[in-house]
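Here's the structure, in structure tokens; my notes come after.
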Amino acid sequence: MENTNIWCWIIPALVGIICAILGYLLGKGNKEIIDNSEDLQLWKDKNSKLTTDKDQLAAKNTQLQADLDTCRAKAKEAAKAVVTPPVAAMAPTPTQDAGIAFDAAAAKAVFGKKVKQDDLKLVEGIGPKIEGLFHTFDIKTWKALSEATVAKCQEVLNSGGERYRIHDPSSWPMQAKMCYEGKWADLQKWQSEHKHGKL
């Protein structure tokens, strides 16, 4: 009876050992070798290209930085070379009236007659008597008239009495500005389209 008891232990142990050996041998025989050398080479090539590109970009960046420094140096030199004119040279002459010069020839070419500077009668609707009224209010130039409000122009007209109040001064500052800026063609066109200076 004792003999059978030992065999109960030995037989399962032998079967287990044999199965383990067979499983190991079968597994080792079917094992396939995976070759990743192509993928590895592909990634090495990509890495090499990226390294080359990085080096080229670094060289280009260095060149651009050098160009920028050169441009900045040239700009500093150019800024030093700029000469500021003396204050006396920048002051406007009385005929320029702060930079806008009167061109009598251009005015004559457009209107076909000699035009005097700051002649308020050139404004459609202003005659010699109305011009005299403006002069009494110290509005003697195109610039001064262009800066006057329509209400101020109406005040000037009202000062002349009943016969001057009927005039419409709403376009006079605009026309005076065209005279002051030398826009003769624009003024003539506007006056031909608007009779008696009315908007």
Side-chain angles (χ1 to χ4, degrees), residues 60-199:
K60 192 178 272 190
N61 187 30
T62 304
Q63 178 63 38
L64 289 173
Q65 189 63 41
D67 291 347
L68 180 62
D69 292 340
T70 304
C71 286
R72 284 182 178 157
K74 286 181 181 178
K76 283 183 182 177
E77 290 299 318
K80 289 178 185 176
V82 173
V83 178
T84 305
V87 177
M90 294 182 348
T93 61
T95 56
Q96 286 178 322
D97 196 17
I100 299 177
F102 171 67
D103 188 356
K108 183 177 181 178
V110 172
F111 288 102
K113 63 180 182 179
K114 185 177 178 183
V115 175
K116 292 181 185 176
Q117 183 173 0
D118 294 322
D119 181 6
L120 299 184
K121 294 185 298 294
L122 196 59
V123 173
E124 183 79 31
I126 295 180
K129 291 186 180 180
I130 294 177
E131 182 182 38
L133 291 174
F134 275 103
H135 285 182
T136 59
F137 277 78
D138 203 31
I139 297 176
K140 299 177 181 178
T141 64
W142 291 323
K143 184 174 192 279
L145 181 55
S146 72
E147 293 170 349
T149 63
V150 175
K152 180 67 174 176
C153 293
Q154 191 62 55
E155 179 186 337
V156 170
L157 289 173
N158 292 345
S159 73
E162 192 63 39
R163 77 186 261 205
Y164 296 108
R165 290 183 188 157
I166 61 168
H167 293 280
D168 180 10
S170 58
S171 69
W172 294 355
M174 179 199 57
Q175 290 183 65
K177 185 175 183 183
M178 284 191 247
C179 292
Y180 169 68
E181 293 176 349
K183 297 181 178 177
W184 307 116
D186 293 343
L187 177 64
Q188 185 190 38
K189 181 180 177 195
W190 189 91
Q191 288 178 348
S192 66
E193 292 172 356
H194 301 83
K195 295 299 179 191
H196 306 296
K198 293 181 180 178
L199 288 174

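If you're wondering where the values come from, they're calculated on a predicted model, not measured in any experiment.
Judged by distance alone, with hydrogens and angles left aside, the side-chain atoms of W142 form a donor-acceptor pair with the main-chain N or O of D119 at under 3.5 Å.
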Considering only distance and modelled atom types, tabulate donor-acceptor pairs under 3.5 Å from the side chains of residues 131-140, sequence neighbours left out.
residue: E131; atom: OE1; partner: K121; partner atom: NZ; Å: 3.0
residue: E131; atom: OE2; partner: L120; partner atom: N; Å: 3.2
residue: T136; atom: OG1; partner: L133; partner atom: O; Å: 2.5

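Between W172 and H167, the ring planes lie tilted relative to each other; the angle falls in the 30° to 60° range.
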Check: For I126 and L145, what are the C-alpha separation, side-chain angles and deciding distance, and is it a side chain to side chain contact (heavy atoms under 4.5 Å, CB included)?
Finding: CA-CA 11 Å; I126 295 180; L145 181 55; 3.9 Å; yes
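Separation of atoms OH (Y180) and CD (Q117) is listed at 10.0 Å; rounding is to 0.5 Å. In this structure, SG on C179 lies 14.5 Å from NZ on K143, to the nearest 0.5 angstrom. Rounding to the nearest 0.5 Å gives a distance of 10.0 Å between CG of D186 and CE of M174. Within the model, atoms CZ of F102 and OG1 of T141 stand 12.5 Å from one another, a figure rounded to the nearest 0.5 Å. Interatomic distance, L187 CG to E124 CD, rounded to the nearest 0.5 Å: 9.0 Å. Atom OG of residue S170 and atom CD of residue Q175 lie 9.0 Å apart, to the nearest 0.5 angstrom.
You'll find the side chain of Q191 stays beyond 4.5 Å of the side chain of M178, heavy atoms only. The closest side-chain heavy-atom distance from N158 to R165 is below 4.5 Å.
Of the charged side-chain nitrogens involved, none lies within less than 4.0 Å of a carboxylate oxygen, so that E77 and K74 do not count as a salt-bridged pair.
Nearest heavy atoms, P173 versus A148: CG-O, 3.4 Å. Of all non-hydrogen atoms in A176 and S146, the two that sit nearest each other are CB-N, 3.7 Å.
Side-chain contact, D67 with Q63: a donor N or O sits under 3.5 Å from an acceptor N or O.
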